[in-house]
2 protein chains.
Amino acid sequence: MNSFTEENYLKSIYMLSQQGKNITTNAIANYLNTKASSVTDMLKKLSAKKTIHYKKYQGVSLTKSGSETALKIIRKHRLWETFLVEKLNFKWDEVHDIAEQLEHIISPELTNRLEKFLDNPKFDPHGDPIPDKNGNISQQKNIAIADLNKNESGKIVGVKDSSASFLQYLENEHLVLGSKVKVLDKFDFDNSVLVNVNNKSKLTISNHVSSNLFVNKAVR
Amino acid sequence: MNSFTEENYLKSIYMLSQQGKNITTNAIANYLNTKASSVTDMLKKLSAKKTIHYKKYQGVSLTKSGSETALKIIRKHRLWETFLVEKLNFKWDEVHDIAEQLEHIISPELTNRLEKFLDNPKFDPHGDPIPDKNGNISQQKNIAIADLNKNESGKIVGVKDSSASFLQYLENEHLVLGSKVKVLDKFDFDNSVLVNVNNKSKLTISNHVSSNLFVNKAVR
DNA sequence: AAATATTTTTCGGCTTATCTAAAAATTATA
DNA sequence: TATAATTTTTAGATAAGCCGAAAAATATTT
């Protein structure tokens with residue numbers, strides 16, 4: 001049995017590992033808004049429970065068991081987010097904090113019934129894939145924004161050209177890791193694309209930008 | 001801000017006060033499956049936070065503030081139970097443990113939207129009244145089962161004739177405090193009544209029994 | 001490679017909630 | 001009304017999780 005806190009650490013480690021980086025104590029502390037010393041304490045505990053691989057000073061990774069636990073929590077989080085948006089009419093950017101609480105409710109039967117009630121959704125309102133009851137999560141390949149069709153959307157997962165000025169531009173336009181991008185229109189004459197960022201700002205991006213920004217396509 | 005634990009104590013005190021008894025340390029310990037010394041510790045804490053009235057050795061009662069908190073938790077508990085039964089098709093006797101978890105989710109907006117989603121129910125699946133957003137809870141007067149009409153149901157809240165043999169009979173038939181009773185049919189010739197107990201057993205009870213057993217009528 | 005900077009861990013201490021055992025207060029009984 | 005039984009509180013411990021400061025390890029500069 002894992003405490004809420006343990007669950008949050010496992011989930012954080014999973015999330016950080018998705019971003020490709022190697023997972024350091026500081027990265028976790030930063031992600032969880034806590035102190036490095038607290039993280040070290042917990043890493044020892046999780047290691048003792050065999051949910052993570054941990055060697056002092058060497059960073060961490062999830063074990064099979066830890067990964068399964070993390071996926072269960074993420075499954076619940078994303079199903080509840082879907083519920084909040086689809087059934088209770090919350091906006092997609094209002095649901096995270098509530099789902100952070102709901103993800104810790106323990107009842108596999110509840111989770112499975114909720115999934116069915118929602119019509120077995122494959123993606124949550126942010127476009128993130130929902131793991132199934134066996135922990136399988138659809139890993140769609142990352143494609144360039146340039147390859148999205150009109151009205152398709154995705155979540156930014158990577159950048160190819162990573163010059164400082166390019167990253168600066170992306171930062172300014174909120175085209176950062178995790179942002180949701182929807183293609184509103186595509187223009188033939190210069191291959192530029194009109195996109196909606198995070199359901200908030202609209203902007204036109206050049207072919208250079210759209211070819212170098214990779215997203216996880218959200219398929220419904 | 002109250003911890004889960006504090007919320008559980010406040011709810012327990014509210015529940016026990018509903019049963020008329022005066023609320024002792026041991027009663028709370030027994031209700032919460034914990035030790036008297038733990039209860040004393042918490043009573044001091046709650047008293048310091050002015051959610052209960054507490055004098056050493058003299059038992060406790062809720063303050064205005066404590067009562068408001070308790071009612072908010074009970075409101076959430078009963079709304080979630082309704083959700084689980086009405087929307088996710090759980091049986092009414094399967095939902096308690098899950099609702100014990102869900103009742104601690106903090107988001108007034110969520111609670112209010114859930115209420116609306118469920119069509120503003122006034123009673124939960126057990127027949128208990130659901131407090132409204134201002135903490136008002138419908139206190140219907142207790143009536144004898146004999147005075148229920150066909151198809152009405154209620155929850156047992158008290159007994160008039162309390163001879164040992166009568167109580168023994170009630171115990172045997174699960175006609176105990178908190179049981180849900182639904183009147184399936186009423187017979188003129190001897191004023192006996194066919195009832196369904198806890199959605200499980202059916203039995204015919206005499207007029208003597210139905211006149212001495214009081215329920216909280218569940219009005220939908 | 002030595003010096004310096006950064007990251008990570010250790011150490012001691014704090015808070016919350018729990019428990020057992022013993023002491024104090026209350027209630028019941030003889 | 002003393003004595004006994006019960007209830008409640010106190011005192012001292014424990015475990016989880018968190019923190020700041022100091023020490024240790026690793027990474028970066030010079």
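Naming convention: chains lettered A, B, ... in sequence-line order (proteins, then strands); numbering from 1 in each chain.
- Remark: A:T34 is not in phosphate contact with D:dC18, judged by side-chain N or O atoms under 4.0 Å from OP1 or OP2.
- Contacts of A:F4 with the nucleic acid, taken as non-hydrogen atoms under 4.0 Å apart, are absent.
- Rounding to whole angstrom units, CG of residue B:L46 and C1' of C:dT16 are separated by 13 Å.
- Atom-to-atom, CG of A:N22 to P of D:dA27 comes out at 10 Å; the value is rounded to the nearest Å.
- Of the possible donor and acceptor atoms, none in the side chain of A:R75 sits under 3.5 Å from a partner among the backbone N and O of A:G135.
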Q: Indicate for each nucleotide in nucleotides 6-12 of chain C, in 5' to 3' sequence, whether protein heavy atoms under 4.0 Å reach the base (B), only the sugar-phosphate (S), or nothing (-).
A: -SBBB--
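- Remark: C1' of C:dC19 and CE of B:M42 are 14 Å apart, rounded to the nearest angstrom.
- Within a 6.0 Å sphere centred on NZ of B:K87, heavy atoms belonging to other residues, nucleotides or ligands number more than 12.
- Atom pair A:E6:CD and D:dA15:C1' shows a separation of 12 Å (rounding to whole Å applied).
- A:M1 places its CE atom 15 Å from the P atom of D:dA16, with the value rounded to the nearest Å.
- The separation between A:Y9 atom OH and D:dA16 atom P is 14 Å, rounded to whole Å.
- Residues passing the salt bridge (charged side-chain N to carboxylate O under 4.0 Å, His left out) test with B:E100, sequence neighbours excluded: B:K11.
- Atom C1' of nucleotide C:dT18 and atom CG of B:N8 are separated by 14 Å, given to the nearest angstrom.
- Under the 3.5 Å distance criterion, the side-chain polar atoms of B:T51 are matched with a main-chain donor or acceptor of B:L46.
- Under the salt bridge (charged side-chain N to carboxylate O under 4.0 Å, His left out) criterion, B:E94 pairs with no residue, sequence neighbours left out.
- Summarising the local packing, NZ of B:K49 is surrounded by more than 12 heavy atoms from other residues, nucleotides or ligands at distances under 6.0 Å.
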